[in-house]
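As the structure is a computational prediction, the values presented were derived from the model and not from experiment. The figures that follow rest on heavy atoms only: side chains count, while hydrogens, waters and symmetry mates do not.
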Amino acid sequence: MTQHVHRKIDRTPEEAARLKADRERYQREKPSPEQLLAEGGHASFVPLGELLSLHQLAACFKQERLRQNLTLRDMEERTGIAEATLSRLENGRTENPTVDTLYRVAAALGKTVCWTFQDDPTKSPPLARA
C-alpha cells in the first residue's frame with residue numbers, strides 16, 4: 001500500500017491570497033503554457049507527462065535505496081552528489097535533473113535507467129510516403 005505524505009506549507013497571507021487569485025484566474029481563463037511563459041516568471045516549462053515520469057523514476061530510486069538500507073550519506077559517497085540534492089531528487093523537488101545525475105544514482109544502486117522510444121499518444125502518426 002502506498003503511503004501519501006502531506007506537508008503543510010507555511011505561506012504569508014499575501015502569498016496565500018495571490019495563489020488563490022491565480023487559481024481562480026486559471027480556472028476562468030484557462031491560459032496556455034505559452035501564454036503563462038509570455039507573462040514572465042519562468043523561462044520554460046516541463047510537460048506534465050514528463051514531470052510525472054521523472055517523479056516515478058525518483059520514487060523508484062528512493063524505494064531501492066531504502067530496500068538496500070542505504071542512507072543519503074551512503075549515496076553521496078557513492079555518487080559524489082550532495083545529500084540535499086539527492087533528497088530533492090527523491091522527493092520530486094528537482095525540476096530538471098541531468099541525465100548524468102540519473103545514471104549516477106542508478107549506478108550507485110546497482111541499476112541502470114532504461115529509455116524507450118514510442119509514439120506520442122497525443123499526436124497522430126505521420127502518413128507513410130508511397
Side-chain angles (χ1 to χ4, degrees):
M1 183 167 140
T2 302
Q3 179 183 6
H4 295 279
V5 177
H6 300 279
R7 293 176 187 88
K8 179 169 176 29
I9 300 173
D10 292 321
R11 293 191 171 98
T12 65
E14 294 80 17
E15 289 173 317
R18 183 185 52 80
L19 286 171
K20 182 179 178 186
D22 285 346
R23 279 190 216 102
E24 289 171 353
R25 177 184 154 233
Y26 297 159
Q27 288 299 312
R28 185 176 58 254
E29 298 175 12
K30 301 195 183 340
S32 70
E34 291 77 17
Q35 288 171 308
L36 294 172
L37 289 174
E39 292 175 9
H42 298 283
S44 64
F45 65 91
V46 177
L48 182 59
E50 291 177 23
L51 183 63
L52 293 176
S53 294
L54 194 55
H55 284 198
Q56 183 179 24
L57 179 60
C60 290
F61 285 163
K62 185 173 186 176
Q63 183 179 13
E64 182 62 20
R65 177 180 64 79
L66 295 173
R67 189 189 72 72
Q68 293 184 28
N69 294 316
L70 296 170
T71 64
L72 288 171
R73 169 79 58 182
D74 296 330
M75 292 298 292
E76 179 179 25
E77 291 171 4
R78 290 179 177 201
T79 64
I81 300 169
E83 280 183 65
T85 302
L86 292 167
S87 177
R88 284 192 304 274
L89 175 65
E90 286 185 350
N91 292 299
R93 295 181 182 212
T94 301
E95 289 181 17
N96 195 10
T98 65
V99 172
D100 178 65
T101 296
L102 300 176
Y103 276 110
R104 286 166 59 191
V105 172
L109 294 167
K111 305 292 181 182
T112 187
V113 176
C114 299
W115 301 89
T116 63
F117 185 74
Q118 59 192 26
D119 291 332
D120 183 341
T122 64
K123 299 200 169 49
S124 299
L127 298 174
R129 294 185 183 204

Within the 3.5 Å criterion, strictly below it, is a donor on Gln68 or Glu64 matched to an acceptor on the partner's side chain? yes

Polar contact flag, side-chain donor to acceptor under 3.5 angstrom, Thr101-Arg104: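 Per modelled atom types, Thr101 and Arg104 side chains form no pair under 3.5 Å.
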
Any donor-acceptor pair under 3.5 Å linking the side chain of Asp74 with the backbone of Thr71? yes

Determine the sole option in Arg65, Lys62, Glu83 for which the side chain to side chain contact (heavy atoms under 4.5 Å, CB included) test with Met75 is passed. Arg65

Closest non-hydrogen atom pair, [X] against [Y]:
{"X": "Val113", "Y": "Ala106", "result": "CG2-CB, 3.8 Å"}
{"X": "Arg78", "Y": "Ala108", "result": "NH1-O, 2.7 Å"}
{"X": "Phe61", "Y": "Leu102", "result": "CZ-O, 3.5 Å"}

Contact check, side chains of Leu36 and Tyr26, non-hydrogen atoms, under 4.5 Å: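 Touching, per the 4.5 Å side-chain cut-off.
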
Heavy atoms from other residues, nucleotides or ligands near CD of Gln63 exceed 12 (cutoff 6.0 Å):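 12 or below, so no.
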
If you count every heavy atom of other residues, nucleotides or ligands that lies below 6.0 Å from Asp119 atom CG, does the total exceed 12?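 Not buried by this count: 12 neighbours or fewer within 6.0 Å.
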
Output the distance between atom CG (Leu86) and atom CD (Glu90), rounded to the nearest 0.5 Å. 6.5 Å

List the steps, then state whether side chain to side chain contact (heavy atoms under 4.5 Å, CB included) holds for Leu109 with Leu70. CA-CA 9 Å; Leu109 294 167; Leu70 296 170; 3.9 Å; yes

Indicate every side-chain donor-acceptor pair of residues 45-58 with a distance under 3.5 Å to a residue at least two apart or in another chain.
residue: Ser53; atom: OG; partner: Gly49; partner atom: O; Å: 3.1
residue: His55; atom: NE2; partner: Gly92; partner atom: O; Å: 3.3

Answer with yes or no whether the hydrophobic clustering places Leu89 together with Tyr103; edges join I, L, V, M, F, W, Y residues whose side-chain heavy atoms lie under 4.5 Å apart. yes

